[in-house]
Amino acid sequence: GGAAAAGVGAVAAVGMDAFAAGRASDARAAAEAAAVSGNGPRTIPFHGEHQAGIEMVPQAHQSLVSLSLKPDTDRDTIRRLLITLTDDAARLTRGTYALADSEPELALVPARLTVTFGFGRGLVDRVAPGAAPAWLSDLPAFPIDRLHQWWNGGDLVLQIAADDPLTVAHAQRMLLKDSRTATTVKWVQTGFRRAYGSERPTRTTRNLLGQVDGTVNTIPGTDDFAGVVWRGATENPAWLAGGTGFVVRRIEMLLDKWDRLDRTGREQSVGRRMDSGAPLTGRRETDEPDFAATSPSGFPVIAEFAHIRRARTDDPRQRVFRRAYNYDLAPEVGQTSNSGMVFTSYQHDVTAQFLPIQRRLAEVDLLNEWTVPIGSAVFAIPPGCAEGGHIGETLFT
Ligand code: HEM
């Protein structure tokens, strides 16, 4: 089908580039990659109106890297940095090694690699004071927050994602090597979904609480998606047209506490079944929840404080595109889990779309008993660029 055809095209591109560079070993590696039935050779185009890595079925692995600009990194240095990183990202996402790549063989399995750049308030202010959209700052503090300073903020974020964790690691290493004169690493948040090939890639993933997570979400490739996510040409500031807003929330899951909750309680907390992800008023995952339905004893079937009731409104503006990854790290001494979710969402206006949802959830949401936000950051994702251009160029004009 289409995926297979795209894969073959990508293989040809990788192979030709390797031959052009005169490196027989690269050609051999590309041929090996082509021999497997997996998606190692598949590529996602880097250039375009919008940055890659957003309007797509999420890859299996992701690393979010937040960088702080060094104090003496000025506007010209930032521009040179973005030119270099754009070049690296464009090459790596095609399955070609970056300039000065010291492990070039690791670049030959793109596995749908994407690199998406986001700017924090600090970067925008340093390049073009006054050019930041009003929402580009820390989110207000919510009563549920237990933020650790080291998971917050940053001047430049790189969302590096692929279906192969080795590909992600290599891209991250390359990009960080080329960033180190101008930036320092603030935080890195890695995450995973189902491994590629374990399930149909379009199947809704599960989080570490065991829930089907991501059912109600705007669908990539639709007009609806464009309306929720991409900034229009008439929105201010103009440099962000074709870009979007990016919210990162690191949310810890209290798994030991969750273990003590029975299945009914778990289903009540969200308003959906654990097995199918169907709403408690329906049978299939995609059934519309019936928020008015009541039990024989008169209680709402979907609890008043269930996550899906609290997360939804009739206001069509209050919608976001969610892209969540699981994290599962080594427990700290005396603990048995260090797990949670790297929640991210894309929306063209963080204040109008994300904030009201988060405010409602912070006020009341049964799920808050088992989930604790420990990190928070907001970035502006600039538009994509054409070949020869660089990410962020509209901010410099
Ligand atoms: C729906 C889990 C945090 C917004 C859901 C669903 C689950 C879930 C299981 C139902 C299935 C689905 O439609 O995807 C979680 C967990 C969280 C979390 C475990 C934290 C660890 C958040 C946050 C937001 C959010 C921080 C936004 C501020 C939504 C929205 C829906 C949703 C908008 C769809 C509601 C609808 O049916 O219209 N979440 N969520 N969630 N969640 Fe969350």
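Counting starts at 1 for both ligands and their atoms, following the listed order.
Close contacts of ligand 1 with N207, meaning ligand atoms under 4.0 Å from a residue heavy atom, involve 19 (C). The distance from ligand 1 to the heavy atoms of Q211 drops below 4.0 Å at these ligand atoms: 2 (C), 9 (C), 19 (C).
With values rounded to the nearest 0.5 angstrom, L123 atom CG is found 9.5 Å from L136 atom CG. Atom OH of Y325 and atom CZ of F192 lie 11.5 Å apart (nearest 0.5 Å).
With respect to the salt-bridge test (charged N to carboxylate O, under 4.0 angstrom), the residues D76 and R79 do not qualify. The pair R272-E267 does not meet the salt-bridge criterion, since no charged nitrogen lies less than 4.0 angstrom from a carboxylate oxygen. A salt bridge links E363 to R310: one of the charged nitrogens lies within less than 4.0 Å of a carboxylate oxygen. Between R231 and E49 there is no salt bridge, since no side-chain nitrogen of the basic residue lies less than 4.0 Å from a carboxylate oxygen of the acidic one. In summary, D145 and R249 engage in a salt bridge, as defined by a charged side-chain N under 4.0 Å from a carboxylate O.
Taking every heavy atom of both residues into account, R319 and D224 meet most closely at NH2-OD2, 2.7 Å. The two residues R112 and V57 come nearest to each other via the heavy atoms NH1-O, 3.1 Å.
Considering backbone and side-chain atoms together, T371 places no N or O closer than 3.5 Å to any N or O of ligand 1. In terms of polar-atom proximity, defined here as any N/O pair under 3.5 Å, V212 makes no such contact with ligand 1.
With no hydrogens or angles considered, a side-chain donor-acceptor pair links S295 and S297 at under 3.5 Å. Side-chain contact of E393 with W239: a donor-acceptor pair under 3.5 Å is absent, judged by distance alone.
Under a 4.0 Å heavy-atom criterion, W370 is not in contact with ligand 1.
The protein non-hydrogen atom at the shortest distance from atom 12 (C) of ligand 1 is T215 N, 3.2 Å. Closest protein heavy atom to atom 13 (O) of ligand 1: V216 N, 2.9 Å. With hydrogens left out, the protein atom closest to atom 28 (C) of ligand 1 is F354 CE1, 3.4 Å, a heavy atom. Nearest non-hydrogen protein atom to atom 36 (C) of ligand 1 is R312 NE, 3.3 Å. Looking from atom 14 (O) of ligand 1 to the surrounding protein, the closest heavy atom is G214 N, 2.6 Å.
Across the listed options Q358, R359, R249, Q358 owns the non-hydrogen atom lying nearest to atom 26 (C) of ligand 1. For atom 21 (C) of ligand 1, the nearest non-hydrogen atom from the set T205, I251, N326 comes from I251.
Results of the side chain to side chain donor-acceptor pair (under 3.5 Å) test with Q189 over Q62, Q159, R250 single out R250 as the only residue that passes.
Counting only protein N, O or S atoms, 1 lie closer than 2.8 Å to atom 43 (Fe) of ligand 1.
Under 4.0 Å from ligand 1, the heavy atoms of R272 that appear belong solely to its side chain.
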